[in-house]
Amino acid sequence: MYDKKNHQINAGISLKFLFPGSYANLGMSAFQGTITNTAGDVRLNNAAAQVNIAYSGSLANEFTDAGDYFSSLWGGLNGVATDIGVDYQWKGADNKYKLKVGAAVCNIGSMTFKDDNNATRTYSLVVNDSNPVNGLGLDLNQFESIDGLRDIENILIANDGTNGVDFNLENESRDFKVKLPTILNLYADYQIISKLSVTLFMVQRLNDEGANDQILSQNMLSITPRFTTGMFEGFIPVNFNEVSGTTAGLGLRLGGFFIGSNSILTAVSSDSKQADFFIGSRFGIL
């Protein structure tokens, strides 16, 4: 868009066509209740929630058979997504950037699921009894051997009207639309000295995390100092995210080959919630 002397501005937009295969969701909004464990008798009492159960494709049957995931990798063309981004570069005398900042909104769009196994239903769940000692309330031990969302739904339906449990259907439909995990990406890359740089990267979720019929993403912030000399690069990613908290890793690159982990340092030194590893290679054809 703009390129003059030491300043450059770029912008772009991409369009993606989606072929969704399977989907499953179990959501409980406005949930409140009491769970008690009396000598292995686990019960839910004095509870209320709005329950959404949605499934499509092979995940309507069960989620324990790995073959079901491979059988539904591809569906029909039933979705479109868009990414929009812009960045600014401040260049030095060598025409290499000293500072690069950018912003992008990714995964704008949705996808529709159409399948014979489709269903999305919303129920109201109320457990009126507040005394688990008398054996009333919802017996949670029933869910120990479930294979899929249909099992959960059938158990809840079977408990309707017994032991103080009310499980009533509010609305249902067959075909349904699922929002993509729309996020805002912000990043900045600054060259501190000749061979030392630092990158700041942030991911902010834009969708309502409490809504059903969507794919969620987590908020994340990462700071990565990098040391680069010739074909060699070493970097230490430090991440803060909603799922695993704070993690720190280590990575190395030699030419087009790279190897590392985003969490190896915290995984070996503390009770970490994340462990990962990556390895790869990149090369240019032209």
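Positions are given from 1 along the sequence. Keep in mind that what you see is a predicted model, and the values were worked out from it rather than measured.
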Asker: Does the side chain of Asp175 reach to within under 4.5 Å of the side chain of Phe113, using non-hydrogen atoms?
Answerer: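 No; the side chains remain at least 4.5 Å from each other.
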Asker: For a quick check under 3.5 Å, do Ser244 and Asn241 share a side-chain donor-acceptor pair by atom type?
Answerer: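 Checked: Ser244/Asn241 side chains pair up, N/O donor to acceptor below 3.5 Å.
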Asker: Apply side chain to side chain contact (heavy atoms under 4.5 Å, CB included) to Ala158 and list each qualifying residue two or more places apart in sequence or on a separate chain.
Answerer: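 Applying side chain to side chain contact (heavy atoms under 4.5 Å, CB included) to Ala158 gives none.
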Asker: Ignoring hydrogens and angles, state whether a donor on the side chain of Asp139 or Asn141 is under 3.5 Å from an acceptor on the partner side chain.
Answerer: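 Side-chain D/A pair, Asp139 to Asn141: present.
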Asker: Which class fits the ring pair Phe278 and Phe258: parallel under 30°, tilted 30 to 60°, perpendicular over 60°?
Answerer: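 Geometry flag for Phe258 against Phe278: tilted rings.
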Asker: Verify, without hydrogens or angle tests, whether Thr112 (side chain) and Lys177 (backbone) share a donor-acceptor contact under 3.5 angstrom.
Answerer: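 Absent.
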Asker: Between Tyr2 and His7, do the side chains contain a donor N or O and an acceptor N or O under 3.5 Å apart?
Answerer: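 Not at all, the side chains of His7 and Tyr2 share no donor-acceptor pair under 3.5 Å.
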Asker: Give a yes-or-no answer on whether the side chains of Asn46 and Thr34 include a donor-acceptor pair shorter than 3.5 Å.
Answerer: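 Side chains of Asn46 and Thr34: no pair found under 3.5 Å.
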Asker: State whether a side-chain donor-acceptor pair under 3.5 Å links Asn107 with Thr182.
Answerer: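 Side chains of Asn107 and Thr182: no pair found under 3.5 Å.
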Asker: Say whether Asn212 and Gln214, considering side chains only, have a donor N or O and an acceptor N or O under 3.5 Å apart.
Answerer: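 No, Gln214 and Asn212 have no side-chain donor paired with an acceptor closer than 3.5 Å.
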Asker: Ring-plane angle category for Phe176 and Tyr23, please: parallel below 30°, perpendicular beyond 60°, tilted otherwise.
Answerer: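 Ring orientation of Phe176 relative to Tyr23: tilted.
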Asker: With heavy-atom distances below 4.5 Å as the criterion, would you say the side chains of Leu140 and Ile35 are in contact?
Answerer: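 Yes, at least one pair of side-chain atoms sits under 4.5 Å.
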Asker: With sequence neighbours left out, write down each residue that passes salt bridge (Lys or Arg N to Asp or Glu O under 4.0 Å) with Glu153, or none if nothing qualifies.
Answerer: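 With sequence neighbours excluded, Glu153 shows a salt bridge (Lys or Arg N to Asp or Glu O under 4.0 Å) to Arg121, given in chain and number order.
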Asker: Using 4.0 Å as the upper bound for N to carboxylate O, is an ion pair formed by Asp213 and Lys179?
Answerer: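 Looking at Asp213 together with Lys179, the answer is no, because their closest N to O distance does not fall below 4.0 Å.
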Asker: We want to know whether Gln50 and Asn52 form a side-chain donor-acceptor pair, criterion being a heavy-atom distance below 3.5 angstrom.
Answerer: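 Looking only at side-chain atoms, Asn52 and Gln50 do not form any donor-acceptor pair under 3.5 Å.
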Asker: Going by the side-chain hydrogen bond (donor to acceptor under 3.5 Å, both in side chains) test, which pairs reach into residues 220-238, not counting sequence neighbours?
Answerer: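 Sorted pair list: Asp189-Arg226, Thr199-Arg226, Arg226-Glu233, Thr228-Glu233, Glu233-Arg253.
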